[in-house]
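One structure is given here, and the rest of the page talks about it.
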Amino acid sequence: MSRRLGKELEKAPRKPDSKRTGDEDSTQAEKKDSNEHEGSKAEEQTQTGDEEAARKREKEEEEARIEAETLHRELIERLESKREDRERNLGSSEGSAPKGKDTSIKKNSAFVKKLKSVTEQQRDSLGREVKGLNLTRYIDEAAVSIGEAKYKVSDVGCVVYICCLIHRSYADFSPKLLVELGKVFAEGLSKDEKPAHLTQYRTALRLVAELVVCGVFPDRKSTYGLIFRVLEMIVNGDENFIYMSVILSFARHCGEDMAGLVSRKQRQMLERFGFSVPRSNVRERGYPDIERG
(Lines give C-alpha, C1' and ligand atoms only; values in the text may rest on other atoms or scores of the structure.)
Protein backbone atom coordinates (compact mmCIF):
# COMPACT_ATOMS: atom_id res chain seq x y z
CA MET A 1 0.00 0.00 0.00
CA SER A 2 2.71 2.42 0.95
CA ARG A 3 4.68 1.53 -2.17
CA ARG A 4 1.69 2.18 -4.30
CA LEU A 5 1.04 5.53 -2.67
CA GLY A 6 4.65 6.50 -3.20
CA LYS A 7 4.51 5.73 -6.92
CA GLU A 8 1.33 7.72 -7.33
CA LEU A 9 2.90 10.66 -5.61
CA GLU A 10 5.92 10.45 -7.90
CA LYS A 11 3.64 10.47 -10.96
CA ALA A 12 1.68 13.45 -9.73
CA PRO A 13 2.81 16.85 -11.31
CA ARG A 14 4.90 19.03 -9.08
CA LYS A 15 3.90 22.61 -8.40
CA PRO A 16 6.40 25.21 -9.66
CA ASP A 17 8.67 26.89 -7.12
CA SER A 18 7.29 30.41 -7.10
CA LYS A 19 10.43 31.86 -5.54
CA ARG A 20 12.72 30.24 -8.09
CA THR A 21 10.55 31.35 -10.99
CA GLY A 22 10.50 34.89 -9.71
CA ASP A 23 14.28 34.95 -9.48
CA GLU A 24 14.64 33.66 -13.04
CA ASP A 25 12.22 36.26 -14.37
CA SER A 26 14.06 38.97 -12.53
CA THR A 27 17.43 37.80 -13.92
CA GLN A 28 16.09 37.74 -17.47
CA ALA A 29 14.65 41.21 -17.05
CA GLU A 30 17.97 42.48 -15.74
CA LYS A 31 19.81 40.90 -18.68
CA LYS A 32 17.37 42.49 -21.08
CA ASP A 33 17.80 45.91 -19.44
CA SER A 34 21.55 45.45 -19.47
CA ASN A 35 21.57 44.53 -23.17
CA GLU A 36 19.38 47.48 -24.01
CA HIS A 37 21.65 49.77 -21.98
CA GLU A 38 24.79 48.41 -23.67
CA GLY A 39 23.16 48.80 -27.09
CA SER A 40 22.17 52.37 -26.31
CA LYS A 41 25.66 53.11 -24.99
CA ALA A 42 27.29 51.63 -28.10
CA GLU A 43 24.97 53.68 -30.30
CA GLU A 44 25.87 56.84 -28.40
CA GLN A 45 29.58 56.05 -28.71
CA THR A 46 29.21 55.48 -32.44
CA GLN A 47 27.36 58.76 -32.84
CA THR A 48 29.97 60.59 -30.76
CA GLY A 49 32.75 59.02 -32.83
CA ASP A 50 31.07 60.10 -36.06
CA GLU A 51 30.68 63.64 -34.77
CA GLU A 52 34.32 63.79 -33.71
CA ALA A 53 35.44 62.44 -37.09
CA ALA A 54 33.29 65.03 -38.85
CA ARG A 55 34.76 67.84 -36.74
CA LYS A 56 38.27 66.53 -37.45
CA ARG A 57 37.56 66.51 -41.20
CA GLU A 58 36.18 70.03 -41.06
CA LYS A 59 39.25 71.21 -39.14
CA GLU A 60 41.63 69.54 -41.60
CA GLU A 61 39.71 71.01 -44.53
CA GLU A 62 39.88 74.50 -43.05
CA GLU A 63 43.61 74.13 -42.35
CA ALA A 64 44.17 72.97 -45.94
CA ARG A 65 42.16 75.94 -47.26
CA ILE A 66 44.23 78.37 -45.17
CA GLU A 67 47.42 76.71 -46.41
CA ALA A 68 46.28 77.06 -50.02
CA GLU A 69 45.31 80.70 -49.48
CA THR A 70 48.71 81.41 -47.90
CA LEU A 71 50.51 79.67 -50.75
CA HIS A 72 48.54 81.65 -53.34
CA ARG A 73 49.35 84.93 -51.61
CA GLU A 74 53.05 84.07 -51.27
CA LEU A 75 53.33 83.08 -54.95
CA ILE A 76 51.73 86.35 -56.03
CA GLU A 77 54.00 88.37 -53.75
CA ARG A 78 57.09 86.53 -55.02
CA LEU A 79 56.16 87.07 -58.66
CA GLU A 80 55.31 90.71 -58.01
CA SER A 81 58.67 91.24 -56.31
CA LYS A 82 60.46 89.66 -59.28
CA ARG A 83 58.45 91.77 -61.71
CA GLU A 84 59.39 94.97 -59.88
CA ASP A 85 63.07 93.98 -59.80
CA ARG A 86 62.95 93.10 -63.48
CA GLU A 87 61.39 96.41 -64.51
CA ARG A 88 63.85 98.34 -62.37
CA ASN A 89 66.87 96.46 -63.71
CA LEU A 90 65.76 96.73 -67.32
CA GLY A 91 65.11 100.42 -66.81
CA SER A 92 68.62 100.98 -65.52
CA SER A 93 70.43 98.93 -68.15
CA GLU A 94 72.51 101.95 -69.14
CA GLY A 95 73.88 102.25 -65.63
CA SER A 96 74.40 105.46 -63.71
CA ALA A 97 77.86 106.86 -62.99
CA PRO A 98 78.45 106.78 -59.22
CA LYS A 99 79.17 110.17 -57.70
CA GLY A 100 80.57 110.92 -54.29
CA LYS A 101 81.26 107.26 -53.51
CA ASP A 102 84.36 105.82 -51.88
CA THR A 103 87.20 105.14 -54.34
CA SER A 104 89.55 103.70 -51.71
CA ILE A 105 91.66 100.91 -53.26
CA LYS A 106 91.75 99.08 -49.97
CA LYS A 107 87.98 99.06 -49.45
CA ASN A 108 87.13 98.26 -53.07
CA SER A 109 89.67 95.43 -53.24
CA ALA A 110 88.38 93.99 -49.97
CA PHE A 111 84.82 94.07 -51.30
CA VAL A 112 85.81 92.26 -54.52
CA LYS A 113 87.42 89.49 -52.45
CA LYS A 114 84.24 89.12 -50.41
CA LEU A 115 82.31 88.36 -53.60
CA LYS A 116 84.05 84.98 -53.78
CA SER A 117 82.32 83.76 -50.61
CA VAL A 118 78.93 85.46 -50.41
CA THR A 119 76.41 84.05 -47.93
CA GLU A 120 72.82 84.99 -47.23
CA GLN A 121 73.83 86.35 -43.81
CA GLN A 122 75.93 89.02 -45.56
CA ARG A 123 73.07 90.43 -47.63
CA ASP A 124 72.60 93.66 -45.69
CA SER A 125 76.28 94.41 -45.06
CA LEU A 126 77.33 93.71 -48.67
CA GLY A 127 74.40 95.78 -49.91
CA ARG A 128 75.57 98.76 -47.89
CA GLU A 129 79.11 98.35 -49.22
CA VAL A 130 77.95 98.26 -52.86
CA LYS A 131 75.96 101.43 -52.38
CA GLY A 132 78.90 103.22 -50.75
CA LEU A 133 81.76 102.20 -53.07
CA ASN A 134 82.85 103.41 -56.49
CA LEU A 135 83.56 100.13 -58.30
CA THR A 136 84.18 101.65 -61.73
CA ARG A 137 87.76 100.36 -61.88
CA TYR A 138 86.90 97.00 -60.30
CA ILE A 139 84.02 95.76 -62.45
CA ASP A 140 86.17 93.21 -64.29
CA GLU A 141 87.49 91.84 -61.01
CA ALA A 142 84.00 91.73 -59.50
CA ALA A 143 82.69 89.72 -62.49
CA VAL A 144 85.64 87.30 -62.27
CA SER A 145 85.14 86.80 -58.51
CA ILE A 146 81.48 85.91 -58.96
CA GLY A 147 82.18 83.66 -61.94
CA GLU A 148 84.88 81.70 -60.11
CA ALA A 149 83.11 81.45 -56.75
CA LYS A 150 81.64 78.18 -55.51
CA TYR A 151 78.44 79.31 -53.83
CA LYS A 152 75.90 77.16 -52.07
CA VAL A 153 72.47 76.95 -53.67
CA SER A 154 71.00 78.60 -50.56
CA ASP A 155 73.18 81.68 -51.14
CA VAL A 156 72.20 82.28 -54.78
CA GLY A 157 69.44 84.70 -53.76
CA CYS A 158 71.95 86.97 -52.03
CA VAL A 159 74.31 86.83 -55.03
CA VAL A 160 71.44 87.83 -57.32
CA TYR A 161 70.65 90.77 -55.03
CA ILE A 162 74.26 92.01 -55.10
CA CYS A 163 74.43 91.60 -58.89
CA CYS A 164 71.25 93.68 -59.24
CA LEU A 165 72.78 96.50 -57.19
CA ILE A 166 76.00 96.50 -59.24
CA HIS A 167 74.12 96.26 -62.54
CA ARG A 168 72.05 99.37 -61.76
CA SER A 169 75.17 101.53 -61.46
CA TYR A 170 77.60 99.94 -63.90
CA ALA A 171 76.37 99.21 -67.43
CA ASP A 172 79.41 97.11 -68.38
CA PHE A 173 79.02 94.67 -65.48
CA SER A 174 76.32 92.35 -66.87
CA PRO A 175 77.97 91.35 -70.18
CA LYS A 176 81.27 90.69 -68.40
CA LEU A 177 79.56 88.61 -65.73
CA LEU A 178 77.80 86.50 -68.38
CA VAL A 179 81.15 85.74 -70.02
CA GLU A 180 82.64 84.65 -66.69
CA LEU A 181 79.67 82.45 -65.80
CA GLY A 182 79.85 80.88 -69.26
CA LYS A 183 83.42 79.75 -68.50
CA VAL A 184 82.09 77.47 -65.77
CA PHE A 185 80.61 75.20 -68.44
CA ALA A 186 83.41 75.55 -70.99
CA GLU A 187 85.24 72.37 -69.99
CA GLY A 188 82.16 70.23 -70.62
CA LEU A 189 81.09 67.22 -68.58
CA SER A 190 83.35 65.11 -66.40
CA LYS A 191 83.32 61.31 -66.32
CA ASP A 192 84.13 61.24 -62.60
CA GLU A 193 81.47 59.84 -60.29
CA LYS A 194 81.67 62.98 -58.14
CA PRO A 195 82.90 65.84 -60.34
CA ALA A 196 84.53 68.65 -58.39
CA HIS A 197 82.62 71.25 -60.39
CA LEU A 198 79.16 69.67 -59.96
CA THR A 199 78.05 72.14 -57.27
CA GLN A 200 79.43 75.03 -59.31
CA TYR A 201 77.48 73.80 -62.35
CA ARG A 202 74.30 73.71 -60.28
CA THR A 203 74.66 77.18 -58.77
CA ALA A 204 76.04 78.86 -61.92
CA LEU A 205 73.15 77.63 -64.10
CA ARG A 206 70.60 78.74 -61.54
CA LEU A 207 72.38 82.09 -61.16
CA VAL A 208 72.25 82.71 -64.92
CA ALA A 209 68.52 81.87 -64.99
CA GLU A 210 67.74 84.04 -61.97
CA LEU A 211 69.61 86.98 -63.51
CA VAL A 212 67.61 86.55 -66.72
CA VAL A 213 64.37 86.57 -64.75
CA CYS A 214 65.25 89.71 -62.80
CA GLY A 215 66.47 91.59 -65.90
CA VAL A 216 70.20 91.80 -65.14
CA PHE A 217 70.90 89.91 -68.38
CA PRO A 218 68.73 91.79 -70.90
CA ASP A 219 70.27 90.05 -73.93
CA ARG A 220 67.79 87.20 -74.04
CA LYS A 221 69.30 85.50 -77.08
CA SER A 222 72.74 85.00 -75.52
CA THR A 223 71.47 84.04 -72.06
CA TYR A 224 68.77 81.66 -73.25
CA GLY A 225 71.34 80.26 -75.65
CA LEU A 226 73.76 79.54 -72.80
CA ILE A 227 71.07 77.89 -70.67
CA PHE A 228 69.83 75.80 -73.60
CA ARG A 229 73.32 74.60 -74.53
CA VAL A 230 74.14 73.57 -70.96
CA LEU A 231 70.89 71.62 -70.58
CA GLU A 232 71.35 70.02 -73.99
CA MET A 233 74.93 69.07 -73.13
CA ILE A 234 73.78 67.34 -69.96
CA VAL A 235 70.82 65.56 -71.55
CA ASN A 236 72.85 64.24 -74.48
CA GLY A 237 76.17 63.62 -72.76
CA ASP A 238 75.47 62.55 -69.18
CA GLU A 239 75.25 58.80 -69.76
CA ASN A 240 75.55 57.91 -66.07
CA PHE A 241 73.14 60.62 -64.82
CA ILE A 242 75.90 62.24 -62.75
CA TYR A 243 74.59 65.72 -63.55
CA MET A 244 70.92 64.91 -62.97
CA SER A 245 70.95 67.07 -59.83
CA VAL A 246 71.81 70.10 -62.01
CA ILE A 247 68.64 69.69 -64.06
CA LEU A 248 66.49 68.90 -61.01
CA SER A 249 67.74 72.00 -59.19
CA PHE A 250 67.14 74.13 -62.27
CA ALA A 251 63.60 72.80 -62.70
CA ARG A 252 62.79 73.24 -58.99
CA HIS A 253 64.04 76.82 -58.67
CA CYS A 254 63.67 78.26 -62.18
CA GLY A 255 61.20 75.96 -63.95
CA GLU A 256 58.15 78.16 -63.39
CA ASP A 257 59.82 81.36 -64.65
CA MET A 258 61.71 79.78 -67.53
CA ALA A 259 59.34 77.04 -68.70
CA GLY A 260 56.01 77.42 -66.88
CA LEU A 261 56.59 74.36 -64.70
CA VAL A 262 54.50 74.26 -61.52
CA SER A 263 54.67 71.68 -58.74
CA ARG A 264 51.80 69.21 -59.09
CA LYS A 265 51.24 69.33 -55.33
CA GLN A 266 50.94 73.12 -55.34
CA ARG A 267 48.75 73.17 -58.45
CA GLN A 268 46.34 70.57 -57.03
CA MET A 269 46.18 72.37 -53.69
CA LEU A 270 45.33 75.70 -55.32
CA GLU A 271 42.80 74.25 -57.77
CA ARG A 272 41.09 72.30 -54.99
CA PHE A 273 40.02 75.55 -53.34
CA GLY A 274 39.40 77.53 -56.52
CA PHE A 275 42.63 79.54 -56.63
CA SER A 276 44.25 80.21 -59.99
CA VAL A 277 47.94 79.38 -60.39
CA PRO A 278 49.94 82.66 -60.62
CA ARG A 279 52.13 82.82 -63.71
CA SER A 280 55.42 84.60 -64.37
CA ASN A 281 55.48 87.24 -67.12
CA VAL A 282 59.08 86.45 -68.13
CA ARG A 283 57.94 84.27 -71.03
CA GLU A 284 55.33 86.68 -72.38
CA ARG A 285 57.67 87.65 -75.20
CA GLY A 286 58.27 84.00 -76.04
CA TYR A 287 61.64 82.41 -76.57
CA PRO A 288 64.25 83.99 -78.83
CA ASP A 289 65.77 82.11 -81.76
CA ILE A 290 68.69 80.23 -80.26
CA GLU A 291 71.82 79.22 -82.09
CA ARG A 292 72.74 75.69 -81.13
CA GLY A 293 76.37 75.13 -80.34
Side-chain angles (χ1 to χ4, degrees), residues 64-91 120 123 151-164 167 174 177-178 181-182 184-185 198-235 238 241 243-290:
R65 187 195 65 77
I66 294 174
E67 185 178 357
E69 184 178 4
T70 301
L71 172 64
H72 185 254
R73 182 175 62 255
E74 289 177 348
L75 289 174
I76 291 177
E77 291 174 352
R78 181 177 67 84
L79 291 176
E80 181 63 20
S81 177
K82 286 188 174 184
R83 185 189 65 78
E84 292 176 355
D85 285 341
R86 181 176 177 78
E87 291 180 355
R88 185 174 181 183
N89 288 328
L90 289 175
E120 185 61 38
R123 177 185 288 261
Y151 303 116
K152 294 180 180 179
V153 174
S154 58
D155 298 323
V156 170
C158 183
V159 180
V160 171
Y161 170 68
I162 298 302
C163 289
C164 288
H167 164 77
S174 295
L177 177 59
L178 182 60
L181 289 173
V184 174
F185 313 103
L198 187 59
T199 299
Q200 195 173 15
Y201 255 56
R202 192 160 50 240
T203 54
L205 184 62
R206 181 185 168 188
L207 182 56
V208 171
E210 293 280 7
L211 292 174
V212 170
V213 171
C214 69
V216 169
F217 289 154
D219 186 351
R220 302 171 69 250
K221 186 173 183 178
S222 60
T223 49
Y224 274 86
L226 174 60
I227 293 171
F228 180 86
R229 286 191 295 273
V230 173
L231 293 176
E232 185 180 44
M233 177 175 63
I234 294 174
V235 171
D238 185 20
F241 305 103
Y243 291 81
M244 181 61 69
S245 63
V246 177
I247 294 180
L248 292 176
S249 177
F250 177 80
R252 183 181 302 114
H253 296 289
C254 310
E256 201 286 322
D257 290 313
M258 303 299 293
L261 302 178
V262 180
S263 161
R264 178 187 297 179
K265 180 180 179 180
Q266 291 185 347
R267 177 173 54 79
Q268 290 178 341
M269 180 187 296
L270 293 173
E271 292 177 350
R272 175 184 172 187
F273 295 97
F275 294 106
S276 60
V277 180
R279 298 291 183 180
S280 171
N281 65 349
V282 174
R283 294 172 294 107
E284 289 180 351
R285 295 166 58 192
Y287 296 109
D289 293 331
I290 298 172

Main chain of [Y], side chain of [X]: is a donor-acceptor contact present, judged purely on distance under 3.5 Å?
{"X": "Arg206", "Y": "Val153", "result": "yes"}
{"X": "Asp85", "Y": "Cys214", "result": "no"}
{"X": "Arg86", "Y": "Val212", "result": "yes"}
{"X": "Thr70", "Y": "Ile66", "result": "yes"}
{"X": "Ser249", "Y": "Ser245", "result": "no"}

How long is the span from the [atom1] atom in [X] to the [atom2] atom in [Y], to the nearest 0.5 Å?
{"X": "Leu207", "Y": "Leu181", "atom1": "CG", "atom2": "CG", "value": "5.0 Å"}
{"X": "Ile247", "Y": "Leu205", "atom1": "CD1", "atom2": "CG", "value": "9.0 Å"}
{"X": "Leu71", "Y": "Leu270", "atom1": "CG", "atom2": "CG", "value": "4.5 Å"}
{"X": "Leu248", "Y": "His253", "atom1": "CG", "atom2": "NE2", "value": "10.0 Å"}
{"X": "Tyr243", "Y": "Asp238", "atom1": "OH", "atom2": "CG", "value": "7.5 Å"}
{"X": "Leu198", "Y": "Met244", "atom1": "CG", "atom2": "CE", "value": "12.0 Å"}

With a cut-off of 6.0 Å (strictly less than), are more than 12 heavy atoms of other residues, nucleotides or ligands near CD of Glu271? yes
So which atom in [X] and which in [Y] form the shortest heavy-atom distance, rounded to 0.1 Å?
{"X": "Ser222", "Y": "Arg229", "value": "O-NH2, 4.5 Å"}
{"X": "Ala68", "Y": "Phe273", "value": "CB-CD1, 3.7 Å"}
{"X": "Phe185", "Y": "Ala204", "value": "CZ-CB, 3.7 Å"}
{"X": "Phe250", "Y": "Ala209", "value": "CE1-CB, 3.7 Å"}
{"X": "Thr203", "Y": "Tyr151", "value": "CG2-O, 3.1 Å"}
{"X": "Leu90", "Y": "Gly215", "value": "CD2-O, 3.7 Å"}

Minimum side-chain heavy-atom gap [X]-[Y] below 4.5 Å:
{"X": "Leu211", "Y": "Leu177", "value": "yes"}
{"X": "Arg272", "Y": "Arg65", "value": "no"}
{"X": "Arg88", "Y": "His167", "value": "no"}
{"X": "Ser276", "Y": "His72", "value": "yes"}

Flag this pair as yes if the NZ/CZ of Arg123 is under 6.0 angstrom from the six-membered ring centre of Tyr161 and inside a 45 degree cone about the axis; otherwise no. yes
Indicate yes or no: does Glu80 engage Arg83 in a salt bridge with an N to O separation below 4.0 Å. yes
